[in-house]
Amino acid sequence: MRLLLDGDDTNVNVHVRGREGTQSREGGALSEQELYAGADAMEIVRDAHAYFSKRLEWKSARATMDDLERVHQVGVDAMGLLVTGHLTGAGAAVRRKVDSAEKQKKKRAVTAADRAEETAAMTRDRLQDALQNRDLMKSIGEYEEYLPLSTRVVRELRAIFECLGGMSTNGVDLMISTGAMPATAYDPQPALPPGGKILRTEKVGSGHYSNLTMRPLKTGYPHLDSYGEARKSVAYASVDGYCRQLRNARKKILSSTPGSAAMSHANVDAAARDAVRCIEHCMVVVSGEKSVHRCVVTSAQGPEDKSVESQYERALVLSYSCVASAAVDRLLDLIEYTFLREGGCAANLAGGDGTSNSAEKDMDIRSAASAAAAGLRIVDGVRMLGPSLSKLCEISPAGGASSAKGVQGETTIASALCISLHRSTVKNCSKTLENLARSIQLDPLDGTKHRPSDARVATVSSDVVHAIRIVSPFFSAYKSVSKRRSLPWDQEIGEKAADMDTFVRFLVKQLIISLQGKAQNYKNDGPDGTAKGNLFMMNNTFYILELLGPVGGGADATSDDNGENYRISGPWFKSKVTRIFENEKTRYLSHWEILNTHLTAVDDKELNYQNNKDVLSLESGRLLKSRFSGFIEDFERVYLAHRGFTVIDPNLREMLQNDIRGVFLKRYKAFFDKYSRIQFSKKNMETYLKYSPQKIDSLLSQLFTQV
């Protein structure tokens with residue numbers, strides 16, 4: 001007792017060194033026997049206090065009780081220091097997995113490099129297998145839970161908790177009189193705000209989501225407060241350290257690679273993958289802390305007085321919630337930081353008045369697509385692991401089955417943070433999806449980058465195809481978002497909410513609107529602008545049909561594991577895009593129809609020959625000269641203008657060349673064969689007949705630029 005209770009309440013000469021043992025003021029280790037003796041001494045103090053409390057008529061009773069209360073409080077403080085020292089010095093309740101353990105299972109461990117190459121389907125399968133495993137914590141993350149306390153430390157901590165938590169009625173009276181424990185039902189701190197909904201109070205990226213987890217724990221039981229504060233700092237440091245480790249590894253990779261848009265998009269994807277890894281790590285940390293709580297706190301004997309038993313059980317649950325909430329709070333801040341910093345959720349693509357802001361320029365379609373895919377990846381992780389994490393944050397005071405809302409239906413801070421985690425993730429992911437759709441709407445209609453001068457496939461088309469392919473594998477995550485959030489293209493929520501195909505349909509619709517707007521602006525490029533606009537629409541609609549169109553029967557939307565072969569099999573896609581393509585092709589071919597106006601037949605009655613019967617008369621010759629010269633003039637004009645247009649796809653190029661031949665070549669061949677035999681010019685026949693059908697056919701084979 002002397003070692004624990006030496007000095008007054010402001011100078012407690014107790015020093016702790018974690019696992020190295022408890023140190024006395026002389027520098028020697030405090031033995032277990034001395035600790036048990038101190039606990040017995042406190043029992044004696046409580047009994048003495050109860051003895052004098054029944055003899056208040058004695059003159060010395062009040063003064064003696066004050067001295068006993070002071071001594072008892074010093075003992076409580078000293079034991080609190082011992083608890084803090086042991087639980088803080090023990091370190092994290094997780095450790096890196098040992099490869100040999102995996103080899104014993106004849107299964108290779110999933111490395112960080114493997115995680116970086118995981119597709120959406122591979123991640124889902126891995127997490128689904130882990131959830132079906134009875135030993136979930138050994139199947140996820142790169143760390144595993146373990147008890148960081150030695151047998152001796154566990155015995156000492158249990159002795160302290162039984163001494164302070166398992167008090168008799170006399171002990172409870174003493175704690176009430178000293179103010180260490182409330183006489184009536186105590187409202188522990190920190191407490192949930194009204195409504196039980198936790199909102200962000202701290203700056204994004206500060207390491208904290210809410211200031212609730214930073215407030216000191218006050219359950220009314222000093223030893224539980226010491227436990228909660230000690231393990232809270234350890235749990236937070238474990239999650240925070242892992243998050244920083246992953247972030248530093250990403251920075252190292254980026255610093256060693258020249259900056260580019262591709263690397264920026266890869267960084268967004270890497271940040272999302274790391275966020276999912278942090279969810280797994282947080283689960284392992286919380287599970288490890290649960291083991292510590294059950295080993296040290298829950299297993300200790302509770303109060304013998306039934307009147308305070310429920311209050312103590314509530315304090316047990318809330319002390320564990322304090323520890324778990326610190327880990328979840330750090331995870332929640334990381335995920336929101338990933339959305340706001342990497343995913344661009346903080347940057348609205350357009351202001352509330354419809355005007356663009358400075359952030360809009362940085363969010364192009366590919367960046368928005370990378371952010372949307374990253375958001376869906378995080379939703380996938382939260383959707384699959386969130387319920388298990390929430391269950392880990394719950395604990396029964398009796399050590400039995402977990403209670404979903406603590407004691408007597410009370411929601412704990414940790415449980416509320418898990419709800420906020422899911423709500424925040426869904427909310428931010430919906431913003432990334434809306435940003436993607438808006439980025440297509442706001443794609444500029446002019447400029448060589450956005451509206452090619454040679455009518456080739458626009459950047460917006462390749463960007464949208466890329467966007468659809470990288471978000472398509474996350475169909476389950478999208479459904480989780482659409483069921484909980486009303487989206488501009490899908491106002492329904494719940495079971496009536498649409499699936500990924502509706503979102504893809506909306507993106508295709510916005511793409512077509514953007515392409516049509518660009519095609520209209522070709523009219524300002526000159527007399528051949530309309531034809532260029534028609535070919536531009538054909539190039540782009542053919543492109544998206546080739547890359548996204550159906551290749552056979554099946555469901556409305558099909559995709560492989562990584563989305564590279566995503567196909568839209570719904571009839572709406574092929575019907576709509578094909579109709580646009582055919583209409584634009586008809587309009588384009590009409591620009592070649594002008595050649596047929598010169599290929600009209602001449603009535604034989606109008607063909608009059610000169611006296612020698614070999615050469616047409618001047619008036620009759622002019623009829624054929626005007627037709628041949630008109631054809632040559634219009635053909636050269638149209639051909640030279642259209643030859644500079646670009647059609648990269650060989651199938652489309654060959655199709656258009658054949659369609660153009662079908663417009664006039666057959667008619668021209670008949671016209672040429674018939675009238676080329678007649679000499680309608682004495683000196684310039686070769687000028688009028690310089691374009692034979694074979695030469696025209698050869699020239700059409702060279703039509704359109706290929707690169």
Separation of [Y] [atom2] from [X] [atom1] (nearest 0.5 Å):
X      : Y      : atom1 : atom2 : result
Lys509 : Trp572 : NZ    : CH2   : 11.0 Å
Cys278 : Gln245 : SG    : CD    : 9.5 Å
Cys282 : Asp329 : SG    : CG    : 10.0 Å
Ile648 : Tyr543 : CD1   : OH    : 9.5 Å
Ser210 : Leu199 : OG    : CG    : 8.5 Å

- Take Phe542 and Asn651, measure what side-chain contact (heavy atoms from CB on, under 4.5 Å) needs, and give me the verdict at the end. CA-CA 10 Å; Phe542 188 86; Asn651 296 325; 4.3 Å; yes
- Message: Set out, in order, the CA-CA distance, both residues' side-chain angles and the distance that settles side-chain hydrogen bond (donor to acceptor under 3.5 Å, both in side chains) for Asn428 and Thr432, then state yes or no.
- Response: CA-CA 7 Å; Asn428 286 317; Thr432 64; over 6 Å; no
- Got more than 12 heavy atoms from elsewhere within 6.0 Å of NZ, Lys479? yes
Ignoring hydrogens, what is the shortest heavy-atom contact between [X] and [Y]? Give both atom names and the distance.
X      : Y      : value
Phe536 : Pro452 : CE1-CD, 3.9 Å
Ala467 : Ala369 : CB-CB, 3.4 Å
Val285 : Val94  : CA-CG1, 3.7 Å
Leu515 : Ala458 : CD2-CB, 4.3 Å

- Task: Assign the ring pair Tyr143 / Tyr242 to parallel, tilted or perpendicular, where the plane angle (0 to 90°) is split at 30° and 60°.
- Result: perpendicular
Within-4.5 Å side-chain heavy-atom neighbours: [X] and [Y]:
X      : Y      : result
Leu385 : Met283 : yes
His422 : Cys418 : no
Thr425 : Phe339 : yes
Leu487 : Gln491 : no
Arg451 : Asn521 : yes
Glu289 : Val234 : yes
Ser482 : Ile493 : no
Ile512 : Val577 : yes

- Query: Side chains of Thr502 and Asp490: do they bring a donor and an acceptor to under 3.5 Å?
  - Reply: no
- Task: Check whether the side chains of Ser462 and Thr459 place a donor and an acceptor atom closer than 3.5 Å, and report yes or no.
- Result: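 Looking only at side-chain atoms, Thr459 and Ser462 do not form any donor-acceptor pair under 3.5 Å.
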- Derivation of the side-chain hydrogen bond (donor to acceptor under 3.5 Å, both in side chains) call for Ser367 and Asp364: CA-CA 5 Å; Ser367 298; Asp364 56 18; 2.7 Å; yes
- Query: Of all residues at least two apart in sequence or in a different chain, which pass the side chain to side chain donor-acceptor pair (under 3.5 Å) check with Ser514?
  - Reply: Lys518
- Task: Not counting sequence neighbours, which residues clear side chain to side chain donor-acceptor pair (under 3.5 Å) with Asp463? List them please.
- Result: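 Per chain and number, Asp463 pairs via side chain to side chain donor-acceptor pair (under 3.5 Å) with Arg366.
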- Check ion pair Asp240-Arg244 (N to O, under 4.0 angstrom): yes
- Task: Could you tell me whether Glu142 and Lys97 make a salt bridge, using a distance below 4.0 angstrom between a side-chain N and a carboxylate O?
- Result: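 Salt bridge between Glu142 and Lys97, a charged N being under 4.0 Å from a carboxylate O: no.
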List the residues meeting salt bridge (Lys or Arg N to Asp or Glu O under 4.0 Å) with [X], not counting sequence neighbours, and say none if there are none.
X      : answer
Arg653 : none
Arg250 : Asp274
Lys483 : Glu495

- Check: Met214 main-chain N/O paired with Asn211 side-chain donor or acceptor under 3.5 Å: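 Absent.
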- Query: Hey, is the main chain of Ala414 close enough, under 3.5 Å, to the side chain of Ser321 for a donor-acceptor pair?
  - Reply: yes
- Item | Arg469/Ser472 under side-chain hydrogen bond (donor to acceptor under 3.5 Å, both in side chains): CA gap, chis, key distance, verdict | CA-CA 5 Å; Arg469 284 182 167 177; Ser472 62; over 6 Å; no
- Give the intermediate values and the outcome of salt bridge (Lys or Arg N to Asp or Glu O under 4.0 Å) for residues Glu582 and Lys585. CA-CA 5 Å; Glu582 293 297 336; Lys585 185 172 75 169; 3.6 Å; yes
- Does the side-chain contact (heavy atoms from CB on, under 4.5 Å) test come out yes or no for Cys429 and Ile378, once each step is laid out? CA-CA 8 Å; Cys429 184; Ile378 297 175; over 6 Å; no
- Message: Could you walk me through whether Asp333 and Arg330 satisfy the salt bridge (Lys or Arg N to Asp or Glu O under 4.0 Å) test, starting with their C-alpha distance in whole Å, then the side-chain angles of each, then the deciding distance to 0.1 Å, before giving a yes or no?
- Response: CA-CA 5 Å; Asp333 178 71; Arg330 180 64 183 93; 3.7 Å; yes
- Query: Applying ring-ring contact (aromatic ring centres under 6.0 Å, His included), which residue pairs with at least one partner in residues 457-487 are found, sequence neighbours left out?
  - Reply: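 Passing the test, one end in residues 457-487: Tyr478-Phe503.
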- For Tyr146, is the NZ or CZ atom of Arg95 found under 6.0 angstrom from the centre of its six-membered ring and inside 45 degrees of the ring axis?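 Yes, Arg95 and Tyr146 form such a contact.
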